[in-house]
Amino acid sequence: MLGLQDLNQELMEEILLRVPLKTRTKLKSVSKSWRTSISSLRLSMPLRPSSGLVVFLKKSVIQFIQLHDEAFVHTASLHSCFSHSCASLVDSCNGLLLYGTLDSVTWTYHVARSDFDHAVALPPAHSVKRSVCTSLLFDGACYDKFKIMCLFLDEVDCDAGTIQCTVFDSKKCKWREYEARIVNSCLVSRDGFVRGQCFRPSVYSGKRLYCIWSLCLLIYDDEEGFFKLIQLPEDSIMKKSVKKNKNDHWFQLLWESEGQLHFCAPAPDKQGFCIWAYVNDEDNDFMDHNLMWKFKKFVVLKDSLISGQSPKSIRPVAFNDDLQRLYVLVLPARVIASYSFETQNFEKVWSFGEPGDISMPNIFSFLLGSSSQM
């Protein structure tokens with residue numbers, strides 16, 4: 001029987017090009033010849049990711065950043081730049097962006113692609129007085145089919161196991177408010193849970209929406225229309241971090257890679273980030289929540305690029321699955337840096353704004369280059 005070692009170089013490279021970067025990197029340990037072939041391929045065939053970063057600045061500017069990766073050198077360039085009048089960039093999902101504007105009474109949302117001039121304004125959504133977490137649900141297939149989910153964070157009935165929400169469906173072009181079931185609603189009453197701490201970007205995959213709500217992972221089943229709360233990892237590494245600093249939710253991030261949801265949070269000493277994979281998405285409400293998470297990696301913040309920076313000023317903001325890179329915002333240096341899971345090094349990617357400006361921009365991953373129209 002023939003093995004990969006019996007194939008000619010051209011055919012072997014063609015096979016390896018179809019293997020994800022993360023898996024390809026692991027294959028280097030098979031043999032010396034495999035390491036040589038994979039390293040040579042990595043140098044000669046640069047990765048061309050389909051996604052970049054969108055940077056929403058407070059000074060009425062939004063930048064779309066194209067990422068490049070050639071011969072292990074990671075760079076970026078300005079894809080496009082627009083002025084805006086929106087109050088905030090709310091969410092990013094599979095090639096669509098969600099913006100928000102508000103007056104003294106109501107929030108109004110807008111959905112757009114990278115052409116910011118063609119944002120579609122939705123009907124007025126809800127009162128500005130209601131504490132809300134808003135997410136975009138879009139599977140990437142058809143740009144005129146999406147949903148917007150608004151979850152009202154202070155309107156939970158823990159005894160009844162319900163929460164108030166409103167959903168915009170692009171098919172019906174209207175909002176529908178209803179009382180949804182929420183499994184494990186008792187976790188909202190847990191010591192240290194802060195209802196106003198609902199953090200984006202969210203992740204939408206397999207008809208399920210995932211986001212961080214204080215000390216929990218919040219899951220919304222788009223087909224059945226109910227919510228579920230799962231405790232975030234609470235082993236000895238994580239417990240001190242979550243309970244000690246009320247602002248830690250700003251330094252947490254969710255992303256999907258190789259079919260698994262990943263969660264990133266500060267280590268207790270703030271000298272790095274811990275990364276877990278969510279390994280259970282079954283409808284088992286009686287399973288120990290700690291068994292639903294698997295510890296994957298510890299990223300150390302010891303690098304020449306970020307040395308001298310306070311660990312509290314380094315915030316994870318995005319993950320690129322094609323390049324296997326975690327992007328962090330370094331303040332007050334106003335720098336976006338990337339951490340390569342392949343080389344385990346940090347690199348400066350982008351800088352913006354004026355030095356010393358401590359305003360916090362919104363930075364999300366975003367799909368670039370599609371020609372479909374809304």
Side-chain angles (χ1 to χ4, degrees), residues 54-64 80-138 143-156 162-180 194-202 204 209 211-214 218 220 227 247 249-250 317 329 352-354 357-364 366 373-374:
V54 54
V55 181
F56 186 92
L57 301 173
K58 301 300 182 182
K59 296 182 178 180
S60 303
V61 175
I62 184 167
Q63 298 176 337
F64 293 90
S80 54
C81 183
F82 299 93
S83 60
H84 68 81
S85 58
C86 294
S88 66
L89 174 61
V90 179
D91 205 2
S92 172
C93 184
N94 296 323
L96 285 183
L97 295 172
L98 181 66
Y99 303 88
T101 58
L102 73 163
D103 54 29
S104 59
V105 178
T106 308
W107 270 100
T108 299
Y109 297 104
H110 310 254
V111 175
R113 300 186 54 244
S114 58
D115 186 355
F116 186 77
D117 290 337
H118 291 84
V120 176
L122 308 183
H126 56 81
S127 169
V128 296
K129 295 181 179 180
R130 302 174 81 176
S131 179
V132 66
C133 178
T134 304
S135 297
L136 177 60
L137 290 73
F138 174 60
Y143 284 99
D144 61 355
K145 295 181 180 179
F146 59 87
K147 293 181 181 179
I148 311 296
M149 164 61 68
C150 296
L151 186 71
F152 299 113
L153 305 177
D154 291 329
E155 300 175 36
V156 185
T162 59
I163 187 168
Q164 203 71 17
C165 62
T166 185
V167 178
F168 178 86
D169 190 333
S170 62
K171 293 180 181 178
K172 301 175 182 178
C173 202
K174 65 179 182 180
W175 292 94
R176 179 176 74 93
E177 183 165 340
Y178 70 101
E179 194 174 62
V194 180
R195 295 191 184 191
Q197 291 182 350
C198 197
F199 188 64
R200 292 173 297 271
S202 55
Y204 182 66
L209 176 74
C211 65
I212 299 170
W213 189 12
S214 192
L218 177 68
Y220 173 68
F227 295 88
N247 294 319
H249 68 290
W250 286 106
V317 292
L329 174 63
F352 52 87
E354 299 295 330
D357 183 0
I358 61 173
S359 62
M360 187 79 79
N362 287 350
I363 302 171
F364 293 154
F366 184 68
Q373 298 296 319
M374 287 193 64

Using modelled atom types only, decide if a donor and an acceptor are shared between the side chain of Ser170 and the backbone of Phe146 within a distance under 3.5 Å. yes
Do Glu177 and Phe152 come close enough that some side-chain heavy atom pair is under 4.5 Å? yes
Side chain to side chain contact (heavy atoms under 4.5 Å, CB included) for Val132 and Leu151? Distances and angles first, verdict last. CA-CA 5 Å; Val132 66; Leu151 186 71; 5.7 Å; no
Taking the side chain from Asp154 and the backbone from Ser131, do they hold a donor-acceptor pair closer than 3.5 Å? no
As an exercise, state the distance from CE of Met149 to OH of Tyr220, rounded to the nearest 0.5 Å. 3.5 Å
Residue pair Ser88 / Tyr99, side-chain donor-acceptor N/O under 3.5 Å: no
Partners meeting side-chain contact (heavy atoms from CB on, under 4.5 Å) with Glu179 (sequence neighbours left out): Thr162, Gln164
Is there side-chain contact between Cys211 and Phe199, with at least one heavy-atom pair below 4.5 Å? no
Kindly indicate whether the side chain of Leu96, heavy atoms from C-beta on, has any atom under 4.5 Å from the side chain of Arg113. yes
Quick one: are the ring centres of Phe56 and Phe364 less than 6.0 Å apart? no
Search all heavy atoms of Cys173 against all heavy atoms of Pro123 and return the closest pair with its distance. O-CG, 4.2 Å
My understanding is that only one of Thr166, Val167, Val111, Leu137 makes a side chain to side chain contact (heavy atoms under 4.5 Å, CB included) with Ile148; could you say which? Val111
Does a side-chain heavy-atom distance below 4.5 Å link Cys93 with Ser202? no
Heavy-atom side-chain proximity of Leu98 to Thr134 below 4.5 angstrom: yes
Within the distance-only criterion (no hydrogens, no angle test), does the side chain of Asp91 pair as donor or acceptor with the backbone N or O of Pro201 below 3.5 angstrom? no
Would you mind reporting whether Val54 and Leu97 have side-chain heavy atoms less than 4.5 Å apart? yes
When rounded to the nearest 0.5 angstrom, what is the spacing between NZ in Lys171 and NZ in Lys145? 5.5 Å
Any non-hydrogen side-chain atom of Trp107 less than 4.5 Å from a side-chain atom of Cys150? no
Could you report the tightest heavy-atom contact between Val194 and Ser214, atom names first, then the distance? N-OG, 2.8 Å
Have His110 and Thr101 got a donor and an acceptor in their side chains that come within less than 3.5 Å? yes
Atom pair CG (Asn362) and CG (Leu57), whose distance is rounded to the nearest 0.5 Å: 9.5 Å
Might you work through the ring-ring contact (aromatic ring centres under 6.0 Å, His included) test for Phe138 and Tyr204, ending with a clear yes or no? CA-CA 7 Å; Phe138 174 60; Tyr204 182 66; 8.6 Å; no
Looking only at heavy atoms, what is the nearest atom pair of Gly95 and Tyr143, with distance? O-CE2, 3.7 Å
Please report the interatomic distance CD1(Ile62) to CG(Leu89), rounded to the nearest 0.5 Å. 5.5 Å
Rounded to the nearest 0.5 Å, the OG1 atom of Thr108 sits from the NE2 atom of His126 at a distance of 9.0 Å
By ring pair (Phe, Tyr, Trp, His ring centres under 6.0 Å), which residues pair with Phe168, not counting sequence neighbours? Trp175
Any chance you could measure Leu209, atom CG, to Lys147, atom NZ, to the nearest 0.5 Å? 11.0 Å
Measure the shortest side-chain to side-chain distance between Leu136 and Val90 over non-hydrogen atoms and say whether it is less than 4.5 angstrom. no
